[in-house]
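Naming: A, B, ... by sequence-line order, numbering from 1 per chain. Keep in mind that this is a model prediction, so the values were computed, not measured.
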Amino acid sequence: MAEERLIDDGTVALLESRDLNIRSLMEGLFGGNRRSAYYGSSMEFADYRPYLPGDDPRRIDWNLYGRTDRLYLKLFTDERRQHHRIYIDGSASMGWGKPEKHRTALKIAALLGYLAVSGSDRVSWYALEKDACRRVTEAVSTRENWVLALERLEALKCGGDTKMDVSVPRCPDPGFRDGISFLISDFLTDRDWKSAVEWLLGREREVCLIRVLSPDETVPELRGKLRFRDTEAEGEDDERNFRMQIGRQRLRAYAEACLWLENDIRSFCEARRVRFFTCLTDEPAARILFDGAIRSEMIR
Amino acid sequence: MSFQNPAGLWLLLGIPVLIAIWLIRPQHENRRVSSSYIWRLSDRFMKRRLPITLFERWLVFVLQLLLVTCGAFLAARPVLSRENRADYLVILDASASMRTVTESGLTRYEAAAEMIRNLAKETGRGHTVTVITAGEEARTVVSESSSRKEISDALAATPCGWGTSAMSGAMTLAQLFCYEHPGAEVIVYTDQAVDEADNLTVVSLDRGEWNASLTGLSVTRDGEGGCTLEADLTSWGRDAVIAVGLSVNGRLAEAANTSCAADTPVKVSFSVPDADKIAWAALRIEPGDALDADNQIAYFPDNERPCDTLLVSEAPLYLETALRALDRGRIRLSDGPVEGDFDLVLCDGSVPDEIPAAGAVLLINPDRMPEGIEAAGVSEEAAGLVASAADSGMKEKLLRLMKLGNISVAKHISAEASDRWITVCSAGSEPVLLARTTEEGGTLAVLLFDLHDSNLPLTTDFVYLMRNLMNIAVPSLLELRLTEVGQSQRVNLSPNTASVSVTAPDGTVSLFEDGDGGTMKIVLPGVYTVEAGEEETGFFASIPKGESAPQSISSLSLIPAEGTEEETPENAESGMWRIVAAVMLILLLCEWGIWVYEQF
């Protein structure tokens, strides 16, 4: 059976009225629609400053000169184009679930990319594979290129054990103070993914974390004596493969552990003004964005 | 412990099979998960493990082992050896003969009770004793007791009876007991010789003690106003010369020695010159034998009670003469309506407007029929009188001592009677003497012919008929003057008697006031005094005749309960083990169920 398209037209139409929510003033390149930290030539008034020789006399505020008898220049905010980067966890655990978490992650990434190009921003996608960070396409800034990039996204596969703390800093073009970094993962790893987030924050970019889980990971239907085989385990003797008796008490402990992990990620993000939400693979991508992303103020 | 079905233990082979299955089968199922990270994290949130949870891994296995073991034990039907434990069932003969005094000075009953007490001494080791007394009726006095005191107290509170032995009833109870307690030991304490005993032990208490008895008292009147009292004297077990005395009205009148051969009744007789002066007379053996209860027998004359009679007739001469010949009280003549209370009313050729309900009424050749009889003309076909073939007490009372062979009827009223009427006698095929009991308890008789058309008045049978009618109207105060323990005595009240009191030999008084009297069960031997107004009389109750003589029972047998033969050697009790095993099984299943619920 042919796999469904990553993004359908209906979902795209729903996003037409939405935009990525950038909280702080960024820098970025010229020609965009985002307010920046620089003074420029937009229509939005920003400040006054005393006239200096060499300044364009057309920008003198003559009304203010009439009241103060001194020359001041009227300053306007500059609008820049942002460059958003979307990091997609390509670990083997992302290949779990029906549909796969990885595919849900790709849908979210694609939709976020669409929102970016809709806002006249640029967007890049990066696949986190083991300890590498591979650029999926060149930066996309138009809808035509976005459509072309979907094919590249759909071709992405997952496998192995992604080490986010290593792979994210290896991003070939991580950017600096020029947009939002989205990190989409299940965060089911012993690796220090928090250091990766810290590194992104160090680039003075806004960071958003999206956690994708399969329903059977939140409420597992496992019973009896089991020998777990972790999808990311490397060989039989990997410590992530182990035996366990699953009973009522163990399931209660599992639920508590899930809740603890969720709260741990959330408290980490709140402390750093990192936006975060968790979604399940059985939810439609559009609903994920309209529910989780809007609530977490990633989009508006 | 042993097994009734040792083959069931083969099921224990299931244990090594179970162990093998547990060894061979993979302990853990491989399960691929996206990440085992949270499972590892969940260790942090596991509650502190209880010691019992350490056995969780083995709990199912242990339970399965126990289940297999229980199943094997159940199939093998285990029995718990009780070599030192037994159920004793004791049947104690409580008939009158058990009152025979033995050489030790105790009665046979007391001696048997002492033996049972000795048996009860073993109850301290877990034995149980059940005691059934076989007196007039079989009764369980102690049920499965291990308490020596309880057994002793129950025996002390249960005296020996005065009647016969309900041994068959006791055996029925014993049989039921044996069904419930396979392997129970049954012991019968009796003085009766038992020819054959199956599945029980008989302890004979008959030591050949000598006993003499007086039975079969009869009184014969001679033509000179005197009478002769005659009784059977028997010496049981040996030849003896026995002194027998006659006392009349409480005074010794005569005594004589009589030689008796062993076990052969000898007639002893005493003459009393003036029978009418006897209020009561008693024959008594000189004490000295083992059983005192059969050493006396007493006679109370059965005097006929006066009967107030009304004769309604246009020509009463003959009937009046016949009635006066009977000398039974007042006779009144009338040719008009019936007025006043009478015991007997005779209506010749007429029917009173209101027929008296109480007492007895005889309608002779009535000019109209009472209710329930339809006259259909007159039959002039001569025929002899024939007693009805129907068996009824009324017929017996009316025709007592009468001989109808020579009596004939020349002409009679043809009539048909309803079912309420009893045909007493017939002429040809048609009833000529009908009778019924009224709703008030009286008697109404109808003679369907004129006395002139029959030779009945010319015979003595007519006098008997009148006497029988009077006896029906005023029955004898007591039905029996000589009775036995166990029999019932009927006390009759006449219309002139308000109440009758009967004083038993032990002084207890029974009062009869209601209706026409009542019935009392005789439980004690001896002289019973009866007072009815000014009349004082009595009757005598002896012990049952058979109790005086050595008795025998052809066989006493019990059918062993199913499985008893296998169990008897060890005196086993398997039922309890089955129950225990079943309960154990249920508990295990419940425990397993709880564990499964907890785990899954």
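Contact annotation: the side chain of A:Ser185 never approaches that of A:Trp193 to less than 4.5 Å [non-hydrogen atoms, C-beta and beyond]. For the pair A:Ile265/A:Arg211, a side-chain contact is recorded, criterion being any heavy-atom separation below 4.5 Å from C-beta on.
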Sequence neighbours excluded and cut-off under 3.5 Å, please list the side-chain donor-acceptor pairs for residues 271-279 of chain A, or say none.
| residue | atom | partner | partner atom | Å |
| --- | --- | --- | --- | --- |
| A:Arg272 | NE | A:Glu198 | OE2 | 2.6 |
| A:Arg272 | NH1 | A:Phe268 | O | 3.0 |
| A:Arg272 | NH2 | A:Glu198 | OE2 | 3.0 |
| A:Arg275 | NH1 | A:Asn21 | O | 2.7 |
| A:Arg275 | NH1 | A:Glu297 | O | 2.6 |
| A:Arg275 | NH2 | A:Asn21 | O | 3.3 |
| A:Arg275 | NH2 | A:Glu206 | OE1 | 2.2 |
| A:Thr278 | OG1 | A:Glu262 | OE1 | 3.1 |
| A:Thr278 | OG1 | A:Glu262 | OE2 | 2.8 |

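With respect to chain B, the highest number of heavy-atom pairs below 4.5 Å among A:Arg240, A:Arg229, A:Met94 belongs to A:Arg229. When each of A:Leu261, A:Asn241, A:Asp186, A:Asp216 is checked for heavy-atom pairs under 4.5 Å with chain B, A:Leu261 comes out on top. Contacts with chain B were tallied for A:Glu256, A:Glu232, A:Lys101; A:Glu256 has the most, counting heavy-atom pairs under 4.5 Å.
With a 4.5 angstrom heavy-atom cutoff, A:Ser214 does not touch chain B via any of its atoms. Proximity to chain A (any heavy atom under 4.5 Å) is restricted, for B:Arg44, to the side chain, taken from C-beta onward.
A side-chain donor from one of A:Glu217 and B:Ser34 sits under 3.5 Å from a side-chain acceptor of the other.
The salt bridge (charged side-chain N to carboxylate O under 4.0 Å, His left out) check on B:Glu137 picks up nothing, with sequence neighbours excluded.
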